[in-house]
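Both ligands and their constituent atoms are indexed starting at 1 by order of listing.
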Amino acid sequence: MGLNSKFWWKWLLVGGTFCFSLTNIPALAQETGFINLYNTGVDIRLGARYFERQCSRCHGLDAKGNDETGAPDLTVRLSRASSDAGVFRIIREGIAGTAMLPVSADVPDPQVWQLVTYIASLNTDPANFDLPGSVAAGAALFTGRGDCGSCHMVGGVGGRRGPDLSRVGERRDPDELKTDLIDPNETVLPRWWTIRATATDGTVVEGWRMGEDTFGIRLIDANANLWSFSKEQMQSYERVEDSTMPSYAQTFSESEIDDLVAYLFSLRKEN
Ligand code: HEC
Ligand code: HEC
C-alpha cells in the first residue's frame, strides 16, 4: 500500500519517535560504553553554560586557556585526549597531580557529555585540520554518483531516510565521518533501527516500526510503502540494529572517500 508521498515522512517521524524511547538510550550507552549521545545544538549550549560556571575560571571564558592557572587552550587539538571518550574521562577523573580536578561525583553523565560536546564544538574549525580531500569534488559525489541526497537532507534539500547532514561537520570529526562511510554499522542510534518481518508466505519486509499492538505490526519500508501484518500473517519478526545505509568502502576509492569527508566536514552552520 502506498502512502501519499507528501505525508509519508511525517509518519516516519512518528515511527522514529516511537522507537527512540527514553529507556533505550541509557541501555545503549551502557552496552557500548562510551558513545556520546548528547551531541545536539542544545547540548552544546547547555555544555557552554556549565563550562562558564565550572571551568572558565581556569580555562578562560573563551576556553583558550590561561597562563596563570596553567590550564591549556581547549579550542585546539587536545594533548591528553584524542576522542570524546578520552575527554569524558578527563572531566570525570581529572588529571592526577595537577589542578585539573574531577567534577563532583553528583554531576550526572549526560552533563559531562554536554561538556564534551561543547569542547568538541570548539575544535571543528576546518582550519585546524589538514584534510587531503577536495570539498568541491566531495559535493559533486554527494549529489552525483553517491546519490546521498536520496536519504539525507542538506540545507533543506534531500530525503529523510537518514539524518539531516546540514551541520554534520559540527558533530562528527573527519575520522568519525570516514567511519560513517565505510562502516555504517559501527554506531547506529535506536532512532535508525529497523524491524524485519517474515510473513507466513515467506515475504520479508524490512522497515521502520510504525506501530505495534496485540494484533500485529505496521512498518514503513525504505520506499515509503506502509506494510501491515497481523500476528497470524507473520512467521517471525526481529529488530535490526544494523544501519540501512550501505557501506561505501567498495563503491568509492580512497581519495573519493577523502573528498566526501572533506565535503561533509565543511557542512556547518552558515555564518
Ligand atoms: C582549577 C583550575 C581548573 C579547573 C576549574 C578546570 N581545569 Fe581543566 N585543566 C586544568 C589544568 C591545569 C589542566 C592541565 C593539566 C596537565 O595536563 O598538566 C587541565 C586540563 C584539562 C583538559 C585536557 C586538555 C588537553 O589538552 O588534553 C581538559 C579536557 C579539561 N581540562 C577540561 C576541563 C573542564 C571541562 C572543566 C570544568 C568542568 C575544567 N577543565 C576545569 C585546570 C582546571
Ligand atoms: C539508503 C539510505 C542512505 C543512503 C543512500 C546514504 N545514507 Fe548515510 N545514513 C543513513 C542512515 C539511516 C544513517 C543513520 C544510521 C547510521 O548511523 O548509519 C546514516 C548516517 C550517515 C552519517 C552519520 C550522520 C550522523 O549524524 O552521525 C553520514 C555522515 C552519512 N550517513 C553520509 C552519507 C553519505 C556521504 C552518503 C552517500 C555517499 C550516504 N550517507 C548515503 C542512510 C543512508
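Considering only heavy atoms from C-beta on, H59 comes within 4.5 Å of F51 through its side chain. Looking at W193 and W208, their side chains never come closer than 4.5 Å, going by heavy atoms from C-beta outward. By the 4.5 Å heavy-atom criterion applied to side chains, R92 and D109 are counted as neighbours. A 4.5 Å side-chain heavy-atom check between C55 and L115 finds at least one atom pair inside the cut-off. Between E254 and K178 the shortest side-chain heavy-atom distance falls below 4.5 Å.
By the criterion of a heavy-atom distance under 4.0 Å, neither the backbone nor the side chain of L101 is placed next to ligand 1. Contacts with ligand 2 closer than 4.0 Å are made by no heavy atom of T251, backbone or side chain. Counting heavy atoms closer than 4.0 Å to ligand 2, residue E176 contributes nothing at all. Using a 4.0 Å cut-off between heavy atoms, L78 contacts ligand 1 through both its backbone and its side chain.
Counting only heavy atoms of the protein, atom 3 (C) of ligand 1 lies nearest to C58 SG, 2.7 Å. Atom 17 (O) of ligand 1 has its closest protein heavy atom at R80 NE, 2.6 Å. At the shortest separation from atom 23 (C) of ligand 1 among protein heavy atoms lies I90 CD1, 3.9 Å. For atom 12 (C) of ligand 1, the closest non-hydrogen atom on the protein side is G70 O, 3.5 Å. The nearest protein atom to atom 14 (C) of ligand 1, hydrogens excluded, is given as P72 CD, 3.4 Å; this is a heavy-atom distance. If you check which protein heavy atom lies closest to atom 38 (C) of ligand 1, you get C55 SG, 2.7 Å. Among all protein heavy atoms, the one lying closest to atom 32 (C) of ligand 1 is M100 CE, 3.6 Å. In terms of protein heavy-atom proximity, atom 26 (O) of ligand 1 is nearest to S79 N, 2.9 Å. Here the heavy atom of the protein found nearest to atom 41 (C) of ligand 2 is Y248 OH, 3.2 Å.
For the 3.5 Å distance criterion, the side chains of N225 and D221 qualify, holding a donor opposite an acceptor. For T179 and E186, the side-chain atoms include no donor-acceptor pair closer than 3.5 Å. For the 3.5 Å distance criterion, the side chains of Y237 and E206 fail to qualify, holding no donor opposite an acceptor.
Panel note: side chain T200, backbone Q233; a donor-acceptor pair is recorded below 3.5 Å. In terms of modelled atom types and a separation under 3.5 Å, the side chain of T69 and the main chain of C58 share a donor-acceptor contact. D258 places no side-chain N or O within 3.5 Å of a backbone atom of V261 that could act as its donor or acceptor partner. At distances below 3.5 Å, at least one donor-acceptor pair connects side-chain atoms of E176 with backbone N or O atoms of D173. Without hydrogens or angle criteria, T75 side chain to L122 main chain gives no donor-acceptor distance under 3.5 Å. In terms of modelled atom types and a separation under 3.5 Å, the side chain of T117 and the main chain of D43 share no donor-acceptor contact. Listed for the R160 side chain is no donor-acceptor partner under 3.5 Å among the backbone atoms of H152.
Within the listing of ligand 2, atoms 1 (C), 12 (C) sit less than 4.0 angstrom from a heavy atom of T244. Remark: ligand 1 atoms within the under-4.0 Å shell around heavy atoms of I95 are 15 (C), 17 (O), 20 (C). Each of the atoms 12 (C) of ligand 2 lies under 4.0 Å from some heavy atom of R161. Near T98, meaning under 4.0 Å from any of its heavy atoms, are these atoms of ligand 1: 15 (C), 16 (C), 18 (O). Per-residue contacts place I119 under 4.0 angstrom from the following atoms of ligand 1 (heavy atoms of the residue considered): 35 (C). The V103 neighbourhood of ligand 1 comprises atoms 38 (C), with distances under 4.0 Å to a heavy atom of that residue. Remark: ligand 2 atoms within the under-4.0 Å shell around heavy atoms of L177 are 29 (C). Of all atoms in ligand 1, numbered sequentially from 1 with element shown, those under 4.0 Å from a heavy atom of I91 are 35 (C). For ligand 1, the atoms lying closer than 4.0 Å to a non-hydrogen atom of Q54 are 5 (C), 37 (C).
By heavy-atom distance, the residue among R160, R145, R172 lying nearest atom 27 (O) of ligand 2 is R172.
The shortest N or O to N or O distance between R57 and ligand 1 is not below 3.5 Å.
Panel detail: atom 8 (Fe) of ligand 2 has protein N, O or S atoms under 2.8 Å away, 2 in number.
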side-chain contact (heavy atoms from CB on, under 4.5 Å) assessment of Y118 paired with L46: CA-CA 8 Å; Y118 169 65; L46 291 171; over 6 Å; no
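Both tests hold for R268 against F265: distance to the six-membered ring centre under 6.0 Å, angle to the ring axis within 45°.
Atom OG of S247 and atom CG of L181 lie 8.5 Å apart (nearest 0.5 Å).
For the side chain to side chain contact (heavy atoms under 4.5 Å, CB included) criterion with W113, the lone passing option out of D84, L37, I91, V87 is D84.
Contact annotation: T187 has at least one heavy atom less than 4.0 Å from an atom of ligand 2.
H59 lies close to atom 8 (Fe) of ligand 1, since one of its N, O or S atoms is found at a distance under 2.8 Å.
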